[in-house]
2 protein chains.
Amino acid sequence: MSRRSGILEFAVLGLLRESPMHGYELRKRLNTSLGVFRAFSYGTLYPCLKALVANGWLTEETGGSPEPASLTGRRAKIVYRLTAEGKSHFEELLAHSGPDAWEDEHFGVRFAFFGQTSRDVRMRVLEGRRSRLEERLEKMRTSLARSRERLDDYTLELQRHGMESVEREVRWLNELIESERAGRDQRAVDPAEQHQKDTSGDADGLPRRRGGSRPGPSDDTTT
Amino acid sequence: MSRRSGILEFAVLGLLRESPMHGYELRKRLNTSLGVFRAFSYGTLYPCLKALVANGWLTEETGGSPEPASLTGRRAKIVYRLTAEGKSHFEELLAHSGPDAWEDEHFGVRFAFFGQTSRDVRMRVLEGRRSRLEERLEKMRTSLARSRERLDDYTLELQRHGMESVEREVRWLNELIESERAGRDQRAVDPAEQHQKDTSGDADGLPRRRGGSRPGPSDDTTT
DNA sequence: GTTTTCATGTAACCCGTTACATGATTCA
DNA sequence: TGAATCATGTAACGGGTTACATGAAAAC
């Protein structure tokens, strides 16, 4: 079964669900759209693609002719396309909301595909994430209380900043959960069916912060 | 030479510089004092300790008798102590401020030992970190601008939150750099020489936020 | 026509975890 | 006396990167 890391596999299936792509392009999307959070190298991506093909979740299409590239002699650009089994497998993955879904490594990628995730799963993942962070905060607070005197100012400052970061993410999650509750008629959307950008008013579950102008923080030309 | 990861080695030497400890205790300190950022398992720590001993940077002291534990039959508690070479090696590491010092994995640990780091190195690391983050922001902004239309609301929100996090860390660094500049008579302190908690007024380079009362967020007894 | 960027791949390695095995000490 | 916690260790594996090798297409 190979049990390849989940996270890359998930992201690849998710991206290919939107449209077929070749490896190179796929990697760029991984490192931008989902990026900030995870950057993969070719040494990881290509073997993974092979494995997904072996599982029957993807097909490889080489350039013009459907023949193996070896016949024509030219090294072909390989376009990967999601199979029906691949699609249903991805949908299974999307539906899972186990504890690992809200761990640091997974949460970002899961969130990135919330547009294709059912509302209740979204809720479970967000709430799971939140309580995960809250228990982490708890631990940080007690451990800090136990050792405050012993620690020097820099260590303390580091600790403080760390806690503030977590608290901030909790507030963010609160907002998101809030909006999810408020928003209605939410169901997952198959991106392949999205022929036109259906701008259906204000129907998503998001805080609507975009439009907040972002006054351009005195864009100083450092560097 | 073994070239063991740097980061664990650095943290271990730094902690042992404050006082000798055995592995178990060391690990706890790693996962709290420096924690939040990194958690190491015994499977990593113990082999690393062995390697540091082999390098002559640490000595192992078993319980009461200096004999190898095998003689007495009892499995001894092993106390690790920094050697003179270990100490000077650590000081070398402390003095380095190469580009890797401000990468994600290293920066936290480096900061945790700022109390023992010279002022100019502190400055270089903080400024290096800041410009690293600024160039990351730059990339995020352009990549976001290039693909804004193509991305769905959740992906966009994720991106926005990610950028805000980075911007926040930049502001934090600005404050720190500011205070470093303001603070004077800063030199690195050898923690072993600190016989009494010398509370010399306001002489450190930190924002003095502690004392900002932190109204005790209704210390709810969750769990 | 040469440099860049696109594009695919692999083998060696690195850092770290998991799961396991062992035993001492403390505490109910 | 038995459970929990302290304490040390290792072998197998896992997930990922680096460095390398190859070559086509585009840009200059």
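Protein chains get the first letters and strands the later ones, always in sequence-line order, with residue 1 at the start of each. Hydrogens, waters and symmetry mates are skipped; everything else that's a heavy atom, side chains included, is used.
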With the side chain of A/Y24 defined as its heavy atoms from C-beta on, choose the nearest nucleotide among D/dT17, D/dT8, C/dC6. C/dC6
In whole angstroms, how far is the [atom2] atom of [N] from the [atom1] atom of [X]?
{"X": "A/N31", "N": "D/dT17", "atom1": "CG", "atom2": "C1'", "result": "13 Å"}
{"X": "A/L52", "N": "C/dT8", "atom1": "CG", "atom2": "P", "result": "15 Å"}
{"X": "B/F40", "N": "C/dT17", "atom1": "CZ", "atom2": "P", "result": "7 Å"}
{"X": "B/L45", "N": "D/dG9", "atom1": "CG", "atom2": "P", "result": "10 Å"}
{"X": "B/E25", "N": "D/dT5", "atom1": "CD", "atom2": "P", "result": "18 Å"}
{"X": "B/Y42", "N": "C/dC15", "atom1": "OH", "atom2": "C1'", "result": "19 Å"}
{"X": "A/Y80", "N": "C/dA7", "atom1": "OH", "atom2": "P", "result": "13 Å"}
{"X": "A/H22", "N": "C/dG9", "atom1": "NE2", "atom2": "C1'", "result": "15 Å"}

Salt bridge flag under 4.0 Å for residues B/R160 and B/D153: no
Contact check, side chains of A/I78 and A/Y24, non-hydrogen atoms, under 4.5 Å: no
Under 4.0 angstrom between A/Y46 side-chain N/O and C/dT8 OP1 or OP2: yes
Is any side-chain nitrogen or oxygen of B/S41 closer than 4.0 Å to OP1 or OP2 of C/dG16? no
Between B/K28 and B/K50, who's closer to the 5' end of DNA chain D by nearest nucleotide? B/K28
Applying a 4.0 Å non-hydrogen cut-off, can you work out what B/G43 is touching in the nucleic acid: base, sugar-phosphate, or nothing? base
Do B/F113 and B/F10 have their ring centres less than 6.0 Å from each other? yes
So A/F114 and A/F107, would you call those rings parallel, tilted or perpendicular, with 30° and 60° as cut-offs? perpendicular
